[in-house]
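Here is the structure we will look at.
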Number of protein chains: 2
Amino acid sequence: MTEAEYVSIWMRPERSAYGPKPVHSRAKITAAAVRIADAEGLEAATMRRIAAEIGAGVMSLYRYVPSREDLVELMADQVLGEIDVTAMPSGDWRTDLTRYAGGLRAMWLRHPWIATVQRSLPSFGPNQLLLVERLMGVLDALVPIDENLGLVALLNSHVESTVREEISTAREIHRSGLSESEWMARSYPYIDRLVKSGEYPIFTKIVTEARQPHLSREDQFRLGLKRVLDCIAAALPATAESPMSAH
Amino acid sequence: MTEAEYVSIWMRPERSAYGPKPVHSRAKITAAAVRIADAEGLEAATMRRIAAEIGAGVMSLYRYVPSREDLVELMADQVLGEIDVTAMPSGDWRTDLTRYAGGLRAMWLRHPWIATVQRSLPSFGPNQLLLVERLMGVLDALVPIDENLGLVALLNSHVESTVREEISTAREIHRSGLSESEWMARSYPYIDRLVKSGEYPIFTKIVTEARQPHLSREDQFRLGLKRVLDCIAAALPATAESPMSAH
DNA sequence: CCGAGACCGCGTACAAGGTACCCAGTGGAG
DNA sequence: CTCCACTGGGTACCTTGTACGCGGTCTCGG
């Protein structure tokens, strides 16, 4: 792990041409890990569990992946590849970004464990790179690169934060083993005490007046996304107005 | 852990009036855990380490905290309390939100480990509640509660995403044991290969043309924040224009 | 004033989990 | 054919969260 021997996981060859043919592969291991993490959470994707899933010995995995951390990085890039951006610079930026946002959200909901992985810039996996090309291609002709970076970051951060909240709620519900309504009912005594105390007027207002929390997740998402897209629209030159800007 | 015996950590009394006086306290334990996590990361804040820090037996901690997970929740609420919002509904929403955003970012940078804690709605700790009151009080008179929720979420998600990236980069640098420039130099071979391949024009454009990545973290943050605040301004009724809206 | 019993600190013990180390077998290079 | 870098994988070690139980202590009901 010294600096001399550091190489990004993406530059490290999977195998050399020497010796016996490997029975497994990074792709197979990654896929198995993703499958387990989807079903039971990232912490369930232990090396032993993954090995069992593909019928390998535990230590065999280390022939393909330097450490569990690197495996998680592989997993993250793999699921990024699921977002369909092949048709992306279509000419209508609003449609493109809406589709991308929906795809990103759907992917996160399919793989809730990505919320717990810390990414960092230099982990430019192949799928992430492809995504960047397509996604930033959407606004590339309309704004300078710095503006593009800022606007895309705005969109990403909104989607991610929204989904992060959806996920942690769902996770909590699942862990409790209750139904959604039972789970919400469980925290009623506490919320009731807070409201009755009279010390939290705004919190009370949210609980009693706000209608947004009672919308479906999809509608909440659509509403928030609309706001962000309007915000992006305002930052674009007037000539770039999308034909769909009226809802 | 059955549903019958569930009570939120915030409703669970710290101690009863019975038996010998406890030597320690939740506050002391939480503070110690935060200190360790700040210095060495959340994963370093093990029960054994915390116990050693305050000179207690490992299992003694469980007299104060039901589990490590709950302790993390306590830690999260504690650091939320560090954001100074006491002067908050000041009448100038732009100043208030700028101050809040700066405080939130500074807090995250002081306690980078919060990026790894999953929150969920029902964990309304006392400090979080206070924060919500003050923060949402800023726009309460200007917009309906649903709009307020949306705008505050927008601000929060932007700040959090930005800081999350700062943090993961810093973490990666720290883990490598290198200086920032050495660390960046380390991924140069990979980036160079990508650029030279010619397959990633936008990525190349970012690497070669974008100036934003070369700004200081503070300037990057200021720029992004300005965009979000402008976006919020656009969503407010015209009469609510802040005196500072020109920059 | 005196049990009783709830609560304290904490040592012991166990079940996971990541992974270092080692060994036997394999198959391409010379 | 020989060599040896490579393979799969078993064993073992260390770290972590925490269940359990023990002996001591303090408050309260009588």
Side-chain angles (χ1 to χ4, degrees), chain A residues 1-2 5 7 9 12-30 32-33 36-37 39-75 113 116-118 175, chain B residues 1-2 5-7 9 12-30 32-33 36-37 40-75 113 116-118 175:
Chain A
M1 198 53 81
T2 74
E5 60 193 59
V7 264
I9 186 78
R12 196 173 306 206
E14 172 150 6
R15 47 162 303 201
S16 78
Y18 217 54
K21 285 215 162 90
V23 177
H24 312 287
S25 69
R26 266 192 199 165
K28 196 162 79 173
I29 294 171
T30 307
I36 297 169
E40 304 166 47
L42 189 58
E43 71 282 353
T46 64
M47 298 308 264
R48 290 168 224 265
R49 187 91 167 63
I50 297 168
E53 177 88 6
I54 63 173
V58 184
M59 292 316 292
S60 302
L61 301 182
Y62 288 92
R63 297 282 174 196
Y64 300 88
V65 169
S67 74
R68 185 173 184 275
E69 273 196 358
D70 289 276
L71 176 55
V72 172
E73 202 153 314
L74 255 24
M75 294 167 68
W113 46 267
T116 68
V117 350
Q118 304 263 28
R175 279 199 340 150
Chain B
M1 198 52 83
T2 76
E5 59 193 58
Y6 170 86
V7 266
I9 184 80
R12 198 173 302 208
E14 172 149 8
R15 47 161 305 201
S16 76
Y18 220 53
K21 285 216 162 89
V23 178
H24 313 287
S25 69
R26 267 191 198 165
K28 197 163 78 175
I29 293 172
T30 307
I36 297 170
E40 303 166 47
L42 189 59
E43 71 282 352
T46 65
M47 298 306 264
R48 289 166 224 268
R49 185 90 167 62
I50 297 168
E53 177 89 6
I54 64 174
V58 183
M59 292 315 292
S60 303
L61 301 182
Y62 288 91
R63 295 282 177 194
Y64 300 88
V65 169
S67 73
R68 184 173 184 276
E69 275 196 359
D70 289 277
L71 177 56
V72 172
E73 202 153 313
L74 255 23
M75 293 167 69
W113 46 267
T116 69
V117 350
Q118 305 263 29
R175 278 199 342 152

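What's counted below: heavy atoms across the whole structure, side chains too, no hydrogens, waters or symmetry copies. Order of the sequence lines sets the chain letters (A, B, ...), proteins ahead of strands, with each chain counted from 1.
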Rounded to whole Å, please give me the gap between [atom1] in [X] and [atom2] in [N].
X: B:I50; N: D:dG17; atom1: CD1; atom2: C1'; result: 11 Å
X: B:H24; N: C:dC7; atom1: NE2; atom2: P; result: 18 Å
X: B:M47; N: D:dT16; atom1: CE; atom2: P; result: 12 Å
X: B:I36; N: D:dT16; atom1: CD1; atom2: P; result: 11 Å
X: B:L42; N: D:dT16; atom1: CG; atom2: P; result: 13 Å
X: A:E43; N: C:dG17; atom1: CD; atom2: P; result: 10 Å
X: A:L71; N: C:dG17; atom1: CG; atom2: P; result: 15 Å
X: B:Y62; N: D:dT16; atom1: OH; atom2: P; result: 12 Å

At their closest point, which heavy atom of A:A32 faces which heavy atom of A:E53, and how far apart are they?
->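 In this case the closest contact between A:A32 and A:E53 is CB-CG, 3.8 Å.
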
Please report the shortest heavy-atom distance between A:E43 and A:R68, naming the atom on each side.
->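 Looking at all heavy atoms of both residues, the shortest contact is CA-NH2, 4.3 Å.
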
Among D:dG17, D:dG9, C:dG9, which nucleotide sits nearest the side chain of A:R63?
->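 Selected nucleotide (nearest to the side chain): D:dG9.
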
Would you indicate which nucleotide in C:dG9, D:dG9, D:dT18 comes nearest to any side-chain atom of B:R48?
->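 From the listed options, D:dT18 comes nearest.
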
Donor-acceptor pair, side chain of A:Y64 and main chain of A:I29, under 3.5 angstrom =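 Side chain of A:Y64 to backbone of A:I29: no pair is present.
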
Min side-chain heavy-atom separation [X]-[Y] under 4.5 Å:
X: B:L71; Y: B:I50; value: yes
X: A:V117; Y: A:M75; value: no
X: A:T30; Y: A:V65; value: no
X: A:T116; Y: A:V72; value: no

Residues from residues 51-60 of chain A sitting under 4.0 Å of DNA chain D, heavy atoms only?
->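 Contacting residues: A:A56, A:G57, A:M59, A:S60.
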
Does a distance-only test, which skips hydrogens and angles, find a donor-acceptor pair under 3.5 Å between the side chain of B:R68 and the base of D:dG17?
->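 Check fails, no donor-acceptor contact within cut-off.
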
